[in-house]
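All figures in this text were calculated on a predicted structure; none of them were measured in a lab.
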Amino acid sequence: MDKLKKITQTKLFLPLFCMLLVLLVNLIKDASFFSIAINNGVLYGRLIDVLNRGSEIAILAVGQTLVVAVSAGTDISVGSVMSLAACSCCTMLAGFGNNSVNELMMPMAIGMLIGVLAGGICGAFNGALVSKLKIQPMVATLILYTAGRSIAAWINNNELPIVSDPKFGYFGSFFPGI
């Protein structure tokens, strides 16, 4: 009985129990949820879709965890910074004023570097507000949360640039070698 009490009082018990409960309900309701098939060398299935769609959120969650661990504050601007970095990268690759291209207007490395640079500038801005101006992290990141998406829309002239070059899709579709 003491072991059960000790297990139920751990911090991970409730999230793991809820996840197992959801999986059990899916198994009882529709067993095809767990089926995975291979078509033309590509994995298909609902679990694969969940993993594919959750990868961006997982990357953001790792970054958010690092922010909370280092500063004990919460960064609420991660979505806006991600959209600003992605829009900067795609606008540079598609060319200003173009909203759909099949070939890159500049080398991919430069476009990706611009995206990383945009994210780094946003992080430096938030860091300066917190460390130099002593603004609470929640308030400091709220500034970029509200402004980041507007800046991204301004960079793109309120259009979504679409880069259909296969080389660009290669980096966004999977980890090389896996």
Side-chain angles (χ1 to χ4, degrees), residues 7-8 10-94 100 108 111-123 126-127 137-138 141-142 144-153 155-156 159-178:
I7 290 172
T8 58
T10 61
K11 290 181 180 181
L12 285 178
F13 174 75
L14 189 59
L16 289 176
F17 176 76
C18 290
M19 183 183 73
L20 289 174
L21 185 63
V22 167
L23 291 174
L24 182 65
V25 168
N26 278 321
L27 181 64
I28 292 169
K29 185 178 177 190
D30 185 14
S32 69
F33 179 80
F34 295 99
S35 66
I36 297 175
I38 299 176
N39 292 340
N40 297 328
V42 178
L43 289 173
Y44 287 97
R46 291 183 183 168
L47 285 177
I48 301 301
D49 288 341
V50 168
L51 291 173
N52 282 338
R53 303 241 185 327
S55 61
E56 295 172 359
I57 300 299
I59 292 169
L60 289 175
V62 168
Q64 184 73 358
T65 302
L66 293 174
V67 168
V68 171
V70 170
S71 69
T74 304
D75 184 354
I76 59 174
S77 67
V78 290
S80 296
V81 171
M82 185 178 81
S83 70
L84 183 60
C87 286
S88 300
C89 175
C90 288
T91 298
M92 293 304 288
L93 291 176
S100 181
M108 188 170 24
M112 294 173 113
L113 186 64
I114 295 293
V116 170
L117 185 65
I121 289 170
C122 291
N126 281 338
M138 182 71 86
T141 58
L142 180 64
L144 197 55
Y145 171 77
T146 55
R149 293 179 190 194
S150 298
I151 294 169
I155 288 172
N156 292 331
E159 294 180 359
L160 293 174
I162 298 170
V163 180
S164 301
D165 189 283
K167 293 180 289 190
F168 187 66
Y170 175 79
F171 286 104
S173 61
F174 67 94
F175 289 108
I178 297 177

How long is the span from the OG atom in S77 to the CE atom in M82, to the nearest 0.5 Å? 12.0 Å
Enter the distance from I38:CD1 to I48:CD1 here, rounded to the nearest 0.5 Å. 9.5 Å
Please report the interatomic distance CG(N126) to CG(L142), rounded to the nearest 0.5 Å. 10.5 Å
In terms of heavy-atom contacts, F34 and L47 come closest through CD2-CD1, 3.8 Å
Heavy-atom pair with the smallest gap, counting every atom of M108 and L93: CA-CD2, 3.7 Å
If you take all heavy atoms of R149 and S80, which pair is closest and at what distance? NE-OG, 3.3 Å
What do you reckon, is CZ of F17 surrounded by more than 12 foreign heavy atoms closer than 6.0 Å? no
Between the main-chain N or O of N156 and the side-chain N or O of T91, is there a donor-acceptor pair closer than 3.5 Å? no
Return the minimal non-hydrogen interatomic distance between C122 and L144, and the atom names on each side. CB-CD2, 3.4 Å
Let me confirm one number: the CG-CG distance from L43 to N52, rounded to the nearest 0.5 Å. 9.0 Å
Shortest non-hydrogen contact between I76 and Y145, atoms and distance: O-CD1, 3.1 Å
Please report the shortest heavy-atom distance between A85 and A118, naming the atom on each side. CA-CB, 4.2 Å
So for atom CG, which belongs to L24, do other residues, nucleotides or ligands contribute more than 12 heavy atoms lying within a distance under 6.0 Å? yes
Mind jotting down which residue pairs meet the side chain to side chain donor-acceptor pair (under 3.5 Å) criterion with at least one end in residues 13-30? Sequence neighbours excluded, please. D30-S32, D30-R46
For the pair L84 and I155, evaluate side chain to side chain contact (heavy atoms under 4.5 Å, CB included) and give the outcome as yes or no after the intermediate values. CA-CA 9 Å; L84 183 60; I155 288 172; 3.8 Å; yes
Interatomic spacing from CG in L16 to CG in L21 - rounded to 0.5 Å: 12.5 Å
